[in-house]
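Remarks on the structure that follows.
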Amino acid sequence: MSKSLPGRSMLPISKAQGDRKALLEEAARRAGRYLDELEGRSVFPTPEALAGLESFDEPFPAGPQDALETLSLLDNVGSPATTTSAGGCFFGFVIGGSLPAALAASVLATAWDQNAGMVVSSPAAAKLEDIALGWLSEVWALPVGVGGGFVSGATMANFSGLAAARHALLRQESWDVEAQGLFGAPPITVMVGEEVHVSLLKALSLLGLGRERVVRVPVDQQGRMVAQALSHLSGPTIVCIQAGNVNSGAFDPTAEICRIAHAARAWVHVDGAFGLWAVAAPARVHLTVGVSEADSWATDAHKWLNVPYDSGLVFCRHTGELRAALTHSRAAYLAEGDQREPMEYTPEMSRRARGVEAWAALRSLGKSGLAEMVDSCCRHATSFAEGLAAAGFEILNEVQLNQVLVSFGDPQKTQRVIKAVQQDGTCWCGGTVWQGQTAMRISVSSWATTKTDVERSLEAILRIAAHA
Ligand SMILES: Cc1ncc(COP(=O)(O)O)c(C=O)c1O
């Protein structure tokens, strides 16, 4: 229940906000300590830490409160109730850590407090975004002149790429979808694999394309779309493929799908939320053959580039189509220059300067660092799979990337192991059902994961599984 605040709430604002520099130094000190202490902590918060969150239940203060004391409350109560996803032992969902360079750049960019939507509101943010987009299109070997934008994550990146597809296909049918909407528009066929990610379906629903009117294409045992099933394409069509299945990590046969789809003048959109980063690693690039042939691509920087949340990226081969789909109507107060205006390539107008962190991550890693970061996560995943298989547990996927699916026996036992692993606190793994089989998912997506983290985590999982 709410506790009442002490009766000292009428400080002037400037007094309550305090010494800005001292406050930021204190925040940096506390942030550094938080990160230093991650290793010894339970990966999921303890019951005591969760119960402590009640301390936030206070009435909205009647007046200004001391900023230093606010920071201290945030750290003392909030920090222990976080998952240690910034550390090396969080293997749930697909969650990257934060490279120190990206984190530090984010802190500085937050102090800049830039609106990255327009060049005029932040020349520095716009420039760094341009550089990061350029470097990334080089990493993915995308065609020269490809258009792109920074969005909140792969969900919005899928939305943006599919908006460009919807625009282009309907323009070819002489229909202006941005002006007229979809009422009375020529139909678009949307094809997805049976293993499509839910966020792509959500993007389709937001675009009025419908999450249920899609044509579902059969997949193989790894969740890869069967390309031959695409043979009868006709009319305006979007083929949505995956580079990296969220469970198995598998890639759709991109080269073949692009060939079939493009012969029928269909648009190919790639959901590569994490898998697209495999292009950066020479040892994994074979998985992505043909990916640069697609028309639009969605990925996350907060996953495998390891920048702080939130950060996603859309790219589109046809820059004009992306811009036409996402730009706003003219407004007298908005400047129009001859430079690329970031907000014309994303659904949002005002937004934070996500390009700064991506630039810092890329610059601090370089090509070889990026390759090594991606590849080391994949090697760790292989070590997990080998250790679990050696102990007699069934690995359900071909571990070619950073994802491992393991069954510990019947569904009940696997569920017991997952729950016990989560309670144990050495590491954190989630559950899933993969093609009818209950499984534990291990996703290695952080630069911070070390060989020791993998060994410790494996030891804990095997200890738990032996008694579950
Ligand atoms: C293949 C795929 N697509 C899309 C998403 C959604 O990404 P976000 O949560 O960044 O929107 C995910 C998330 O894991 C994913 O794995």
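Counting convention: from 1, in listed order, for ligands and their atoms alike. We count residues from 1, following the sequence as given.
Residues with a heavy atom under 4.0 Å from ligand 1: Gly153, Ala154, Thr155, His197, Ser199, Gly244, Val246, Asp271, Ala273, Phe274, Asp300, His302, Lys303.
Ring orientation note: the planes of Phe315 and Trp140 are nearly perpendicular, at an angle over 60° on the 30°/60° scale. The aromatic rings of Phe91 and Phe384 stand perpendicular to each other, their planes meeting at an angle above 60°, with 30° marking the opposite boundary.
Atom-to-atom distance recorded for Leu370:CG and Lys367:NZ is 10.5 Å, nearest 0.5 angstrom.
For CZ of Arg30, the number of neighbouring non-hydrogen atoms (other residues, nucleotides, ligands) closer than 6.0 Å is greater than 12.
A salt bridge does not link Glu386 with Arg379: every distance from a Lys NZ or Arg NE/NH1/NH2 to an Asp or Glu carboxylate oxygen is 4.0 Å or more. A salt bridge does not link Glu195 with Arg216: every distance from a Lys NZ or Arg NE/NH1/NH2 to an Asp or Glu carboxylate oxygen is 4.0 Å or more.
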